[in-house]
Amino acid sequence: MIRPDIHNLVHRWIGGNMELTSSPNEPVFWVHHANVDRLWAQWQRQHPNETYLPQSGGPQGQNVGDLMSPWSGVRVSAVLDHHSLGYLYDTENPPAQGDRMQPGDTLLGGDSIGSGDGRYRLAYETDGNLVLYEDGDRTPRWPSGTQRRSPGMCVMQMDGDLTIDDAGGQRVWSLGIGGRGNRLRLTKEGTLEVSGLSGEIVWRSAHEVMA
């Protein structure tokens, strides 16, 4: 956790409008707090098994379940994962994990995500094709159709689209959807779903087995 004195001293060093009572009037305020958030994200990556503290017993507004003033409907727990809020830092290139791709998550050639029960797998193949398989069946349930391309990177973009670039950085495919904060999930039913920040489904794969 960022020590309070490290945060507060920056306000005092700069002075002027950065004094605590007027600091939002100073553009450096926003840079400062963005960097505090970046350091928090860096700490999270370096300590993946640690949890936010305090869970309880701390000052009002700082416990994980507390409401964040002045927002009446936002709790601390809702803003701990910046990827779920639809942004990432340019020092990040997070691999997709589990059964989903969050904003900014990537798949490289040979990478995959799986449904929660392990029955289905979405794989970015080394031939450049993004394919949904059922376990034990190599007949694609859904493909991107980008085979015979040198594999580069499949990315859940920050603008909400799912895209594939080849090894040369050329865009060879996109799902063609938008919505900042969209994330993709592979369900236990073997369906790919892209949902927005509010949870609404904005795209769902068909179940047709491809020959």
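Computed from heavy atoms alone, side chains included, the values below leave out hydrogens, waters and symmetry copies.
- For the pair Arg121 and Asp135, the minimum side-chain heavy-atom distance is 4.5 Å or more.
- For the atom pair Leu162 CG and Ile177 CD1, the distance stands at 7.5 Å (nearest 0.5 Å).
- The shortest distance between side-chain heavy atoms of Glu125 and Gln147 does not fall below 4.5 Å.
- Evaluation of the salt bridge (Lys or Arg N to Asp or Glu O under 4.0 Å) rule for Asp165 yields Arg171 as partners, not counting sequence neighbours.
- Distance check, rounded to the nearest 0.5 Å: CD1 of Ile164 to OG1 of Thr146 gives 3.5 Å.
- For the pair Tyr120 and Arg141, the minimum side-chain heavy-atom distance is below 4.5 Å.
- At least one side-chain heavy atom of Asn35 sits less than 4.5 Å from a side-chain heavy atom of Leu39.
- Connection of Val172 to Tyr124 is established within a shared hydrophobic cluster, with ILVMFWY side chains joined at heavy-atom distances below 4.5 Å, either directly or through further cluster members.
- Screening Arg183, Arg100, Arg204 for a salt bridge (charged side-chain N to carboxylate O under 4.0 Å, His left out) involving Glu193 leaves a single residue, Arg204.
- Considering all non-hydrogen atoms of both residues, Ser112 and Ala123 come closest at CB-CA, 3.7 Å.
- In this structure, Cys154 SG and Leu122 CG are separated by 7.0 Å, a value rounded to the nearest 0.5 Å.
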For Val10 and Met18, what are the C-alpha separation, side-chain angles and deciding distance, and is it a side chain to side chain contact (heavy atoms under 4.5 Å, CB included)?
CA-CA 8 Å; Val10 175; Met18 266 294 270; 4.2 Å; yes
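- Closest non-hydrogen pair, Gly196 versus Val202, comes out as N-CG1, 4.4 Å.
- Cluster partners of Tyr133, by chain and number: Val131. The rule joins Ile, Leu, Val, Met, Phe, Trp and Tyr whenever side-chain heavy atoms lie under 4.5 Å apart.
- Here NZ of Lys188 is found 11.5 Å from CG of Leu186. Values are rounded to the nearest 0.5 Å.
- At a threshold of 4.5 Å between non-hydrogen side-chain atoms, the residues Leu184 and Ile113 count as touching.
- Here the closest heavy-atom approach between residue Pro151 and residue Ala167 is recorded as O-CB, 3.6 Å.
- Rounding to the nearest 0.5 angstrom, the gap separating the CE atom in Met156 from the CG atom in Leu107 is 11.0 Å.
- Taking the six-membered ring for Trp and thresholds of 30 and 60 degrees, Trp43 and His47 have nearly parallel ring planes, at less than 30 degrees apart.
- Under the side-chain hydrogen bond (donor to acceptor under 3.5 Å, both in side chains) criterion, the residue pairs touching residues 149-159 are Gln157-Thr163, with sequence neighbours excluded.
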Donor-acceptor pairs under 3.5 angstrom involving side-chain atoms of residues 54-61: please list them, not counting sequence neighbours.
{"from": "Gln55", "atom 1": "NE2", "to": "Tyr52", "atom 2": "O", "distance (Å)": "2.6"}

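- Inter-residue side-chain proximity for Val155 and Asp105 is flagged as unmet; no heavy-atom pair is nearer than 4.5 Å.
- Partners of Arg38 under the salt bridge (Lys or Arg N to Asp or Glu O under 4.0 Å) rule, at least two apart in sequence or in another chain, do not exist in this structure.
- To the nearest 0.5 Å, atom CD1 of residue Ile201 and atom OG1 of residue Thr191 are 10.0 Å apart.
- Partners of Asp161 by salt bridge (Lys or Arg N to Asp or Glu O under 4.0 Å), not counting sequence neighbours: none found.
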